[in-house]
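What follows is a set of notes on a single structure, which appears directly below.
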Amino acid sequence: MSANTTMPTPTPSPVPKKNEPKIEGTSRLHEGWRSFLKSKSAVIGAGIVLVILLIAIIGPMLLTFGYNEVDANSRLAAPSAEHWFGTDDLGRDVFARVINGARISLWVGFFAVSGSIVVGSLLGLLAGYYGRWLDVLISRIFDILLAFPGILLAIAIVAMLGPSLKNAMYAIAIINVPTFGRLMRSRVLAVKQEDFVLAAKAIGMKDRRILFTHILPNSWTPIMVQGTLNFAIAVIEAAGLGFLGLGAQPPEPEWGKMLSDCRQYIQSAPWTMIFPGLAIMFTVLGFNLLGDGLRDILDPRMKQ
Amino acid sequence: MTAVETLLEVKHLKKYYPIHGGVFGRKIGEVKAVDDVSFTVRKGETLGIVGESGCGKSTTGRSILRLEEPTAGSIRFADEELTNLSGENMRRMRREIQMVFQDPFASLNPRRTAGAAIIEPLEVHGLGNRQERRDKMKELLSVVGLDSYHGERYPHQFSGGQRQRIGIARALAVQPKLIVADEPVSALDVSIQSQVLNLMEDLQDQFNLTYVFIAHDLSVVRHISDRVGVMYLGGMVELADRDELYDHPLHPYTQALLSAVPVPDPTANRERIILSGDVPSPADPPQGCTFHTRCPHVMDVCREVRPSFNNYGGNHFAACHLLEK
């Protein structure tokens, strides 16, 4: 500062007011939307996800066949005008089963991911903010969970709880908790060093309120991105458990279960496996593209 | 300032940060950020604290609000010992002591509006109902020279100077007696600095505030302070009335510091005291007087005995062996 030992002549105290009473509170949202449209992967991903979502919601209502309707006369029939994706070994319409399967996969993905986000974020928040022994305890639990390969741990959990779609969902939620927990913890550790958190403490705010009004809103963006990416992982894991017979039970039209049910016909009637397989692939692709796109928009720092 | 009532009394304040190392994270040393600092603040005055980066002046400020838990020492505010207060009582006490932060960009939550930031302290301390709080917020905005529509805006829509005004309005909201301002203008442009300083002076008169004003800029401190304390490496080396300190510095460090202030007269003949070496690490401060490694007048006693902080007449305190002779 090139100043005198006394301050320069004081200017009139009131701040020069700029005449721009226009409120620009929405500009951030606007900006976000524009960069969303610019990101190809986000738009394509969102498109795929939207289509799958629509299929899951209204698809089953438009079908001519029920997913469990058996046509004994046409078993393992090739795709035709009547059965678009052919029929499986029991004569069920593969198209109807794939469409109904979308419901199951999205359902499992949604609840498993929300479950792990809620539990993981809460644990991460506590570990990051309070630190000390609580941090050590929670972080070690995460480490233990991460020490097992995810799907192996899921198999163990389902084996304990008994095979069913609901238990598979719990298992997937549990194995994904550390992902969100560690992410949240690292965000909280960074955000709690910010001056505005100190300022909140200085005005006499209670810890719980600081956590939920100051730290959480400034930490959730990477969680949302990770949540979208993990949705894809959860769909695969659900299919994996279904394939192993630990997830959905017959006659539920779960994609992974459909693959395992018909794997002996892969050469004679490949349509029984190709279509559920493609369904899994597109769902995973859609959520991955959307997640990558969201990451670029919301959190440019995470880009590598 | 004629008021002589003491509002804040800090005695032998110490803040050590442990250094952990080794396999088991054992404590292997400490950083002595603040090491035995004492001063008083009278009601209605502004006490300036100057010193270079890392000398512990911010830590001292934060310790007053117990944002940093002091390692030892006593902090008495309005005859109440703050260091003994329970968490909940300290939380309530923060209504009386507020803080203005250095970085106006970091000290406001980017996701909350300016109005929400100002209303927050009122909510926290349960003052007024919703409507009263909103009115108060608008009033505070105009007090600090902003318009009421600014309350709807987010921090990124303001300039640095405007943000600092919001920070000041937030501190004023609960009508505190004492405001600790931690380098409130050092992040601002020079032209904006004087505006904010004048605002703070106006508010002081208007609301009968007492300031602890922390800064590294000697001219800023001279402008706003009634008394000035100089810190070096975690300790206070000199404390006196402003004019006394600037005109008759006693401590060699203060003398060197003041000689570095530029004089806007190119023909002025002045002697600059250039210190050699760097500030020692607060993790391993020198024996005796912490300044002896760089002091131009160092004596044998300085290397062994830590000088005490004595009154050398007219409430001019200093810690130096040269003066003790």
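Naming: A, B, ... by sequence-line order, numbering from 1 per chain.
- Proximity to chain A is absent for every atom of B:Ile192, based on heavy atoms less than 4.5 angstrom apart.
- In this structure, a donor-acceptor pair under 3.5 Å is present between the side chains of A:His214 and B:Glu120.
- No donor-acceptor distance shorter than 3.5 angstrom exists from the side chain of A:Asp135 to the backbone of A:Gly128, with no hydrogens or angles considered.
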Donor-acceptor list for residues 167-183 of chain B side chains, cut-off 3.5 Å, not counting sequence neighbours:
unit_1, atom_1, unit_2, atom_2, d
B:Arg170, NH1, B:Ser107, O, 3.1
B:Arg170, NH2, B:Ser107, O, 2.8
B:Lys177, NZ, B:Glu96, OE1, 2.8
B:Asp182, OD1, B:Ser58, OG, 2.9
B:Asp182, OD2, B:Ser58, OG, 3.2
B:Glu183, OE1, B:Ser186, OG, 2.9
B:Glu183, OE1, B:His216, ND1, 2.8
B:Glu183, OE2, B:Lys57, NZ, 3.4
B:Glu183, OE2, B:His216, ND1, 3.4

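- A salt bridge does not link B:Asp147 to B:Arg165: none of the charged nitrogens lies less than 4.0 Å from a carboxylate oxygen.
- For B:Leu65, the part lying under 4.5 angstrom from a heavy atom of chain A is the side chain only.
- At a 4.5 Å heavy-atom cutoff, the contact between B:Arg112 and chain A is made by side-chain atoms alone.
- With a 4.5 Å cut-off on non-hydrogen atoms, B:Arg62 touches chain A through its side chain but not through its backbone.
- For B:Glu201, no part sits under 4.5 Å from any heavy atom of chain A, backbone or side chain.
- For A:Gln226 and A:Thr179, the side-chain atoms include no donor-acceptor pair closer than 3.5 Å.
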